[in-house]
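All values below were derived from every heavy atom in this structure, side-chain atoms included, with hydrogens, water molecules and symmetry-related copies excluded. So you know, we letter chains A, B, ... as the sequences are listed, proteins then strands, and number each from 1.
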Amino acid sequence: MPELPEVETVRRSLESRVLGCTVSGVIVRRRDVIATPDDPPGGFGRQRRLTRAPKRVEKADLLLGDTIEGVLRHGKQLALAGNSERAVLIHLGMTGEVMAPGPGARLRAADHLHVLWTLRRGDGASAGRMVFRDPRRFGGIWTLPDRGALDRRWAELGPDGLAVTGQQLRERAGGSARAIKASLLDQRVVAGVGNIYADEGLFRAGIHPEARAGDLTSQEWDRVARELRTLLCEAVELRGSTLRDYRDAGGFAGDAARLHRVYGRGGEACVSCGNSLASGTVAQRTTVWCPLCQPERYPGSVD
DNA sequence: CGTGGCCCCTGTGGGC
DNA sequence: TGCCCACAGGGGCCAC
């Protein structure tokens with residue numbers, strides 16, 4: 001579900017609701033959406049196949065007793081930082097959401113609620129609940145002992161998409177023979193770009209999604225980076241793309257889908273040239289592009 | 001080593 | 001109406 005603009009929208013809406021609140025209760029309904037430092041490395045799906053039951057999660061590791069001092073984001077990852085130096089890293093996957101509806105307000109959905117936090121304001125009054133919900137469970141939560149652990153995790157990712165430069169893209173992907181779209185989806189190259197914004201960014205930059213990353217010129221990398229930054233910034237201002245069920249922490253939809261020029265429009269007319277948009281599979285993901293505005297490249301062709 | 005293929009899940013919408 | 005299939009905004013692991 002969420003890419004950078006959606007996660008940033010969740011971050012902002014969550015920050016306004018939980019910053020400065022103290023966690024007075026934690027309920028873990030599904031242990032297997034949580035990874036602690038003691039758990040074996042890897043994704044949540046792999047852990048679920050383990051036959052031995054993992055250890056109970058210490059509620060303090062999920063910030064019980066902590067005051068939330070920061071709501072942070074890098075790429076598509078979200079983090080809550082507590083005053084104890086502990087941190088909780090949340091990845092939303094395809095269908096994850098974090099909701100904090102406020103005291104008395106009802107949640108939009110009561111199923112697939114995997115982790116629930118009870119919050120109190122500084123003056124002791126109830127601030128309602130914060131919940132992690134994720135029907136497909138491709139997302140999950142990492143507990144981290146301190147801010148250093150969070151910094152190290154985020155250092156493994158590429159630069160955040162809102163600030164990425166052409167030089168950074170070229171350094172991280174310029175030597176690769178794979179399709180540029182695959183490179184943009186690789187979170188070690190740039191953090192925050194997913195299937196929608198990869199297609200939209202490449203359309204805006206006039207680059208074919210299957211162009212070999214290694215074939216791009218410096219000027220083209222600059223163009224891709226500039227278009228991505230602009231696109232992601234515009235999408236943040238519109239509070240993210242709501243296609244079906246994405247909502248911010250208050251349950252509100254975003255309007256960034258109106259920025260979409262190619263995503264979901266295969267076979268329709270290109271907004272720029274009027275020709276029919278092509279669609280196919282690139283990097284195992286449905287991909288839409290304009291064959292005229294994003295011309296195919298041939299070995300030896302000059303740009 | 002880099003890379004493509006496969007897998008992890010549930011829900012939904014379209015065609016029959 | 002119901003069934004079945006394809007597909008969905010993500011990413012980790014494992015053969016090559």
- Task: Hey, which sits more toward the 5' end of DNA chain C by its nearest nucleotide, Ser241(A) or Gln77(A)?
- Result: Ser241(A)
By the 4.0 Å heavy-atom rule, please label [X] as base, sugar-phosphate, or nothing.
X: Ile196(A); result: sugar-phosphate
X: Asp245(A); result: base
X: Gln187(A); result: sugar-phosphate

- Task: Identify which nucleotide among dT3(B), dC7(C), dG11(C) has an atom closest to any side-chain atom of Lys76(A), counting heavy atoms from C-beta outward.
- Result: dG11(C)
- Nearest of dG9(C), dG11(C), dT10(B) to any side-chain atom of Arg137(A)? dT10(B)
- Query: Between Arg188(A) and His112(A), who's closer to the 5' end of DNA chain B by nearest nucleotide?
  - Reply: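 Taking each residue's closest nucleotide, the earlier one in sequence belongs to Arg188(A).
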- Item | Nearest-nucleotide 5' precedence on DNA chain B, Thr95(A) against Ala177(A) | Ala177(A)
- Taking Tyr246(A) for the side chain and Glu6(A) for the main chain, is one N or O donor matched with an acceptor at less than 3.5 Å?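 A pair under 3.5 Å: yes.
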- For Asp160(A), which of Lys76(A), Arg73(A), Arg229(A) qualifies under side chain to side chain donor-acceptor pair (under 3.5 Å)? Arg73(A)
- Query: Looking at residues at least two apart in the chain, or sitting in another chain, which of them share a ring-ring contact (aromatic ring centres under 6.0 Å, His included) with His208(A)?
  - Reply: Trp289(A)
Measure [atom1]/[X] against [atom2]/[N] and give the value in whole Å, please.
X: Phe138(A); N: dC7(C); atom1: CZ; atom2: P; result: 16 Å
X: Glu156(A); N: dG12(C); atom1: CD; atom2: C1'; result: 13 Å
X: Asn195(A); N: dG9(C); atom1: CG; atom2: P; result: 5 Å

- Message: Check the orientation of Tyr197(A) and His260(A). Use parallel for under 30°, tilted for 30 to 60°, and perpendicular for over 60°.
- Response: perpendicular
- Task: Can you tell me, in whole Å, how much space there is between the P of dT3(B) and that of dG9(C)?
- Result: 22 Å
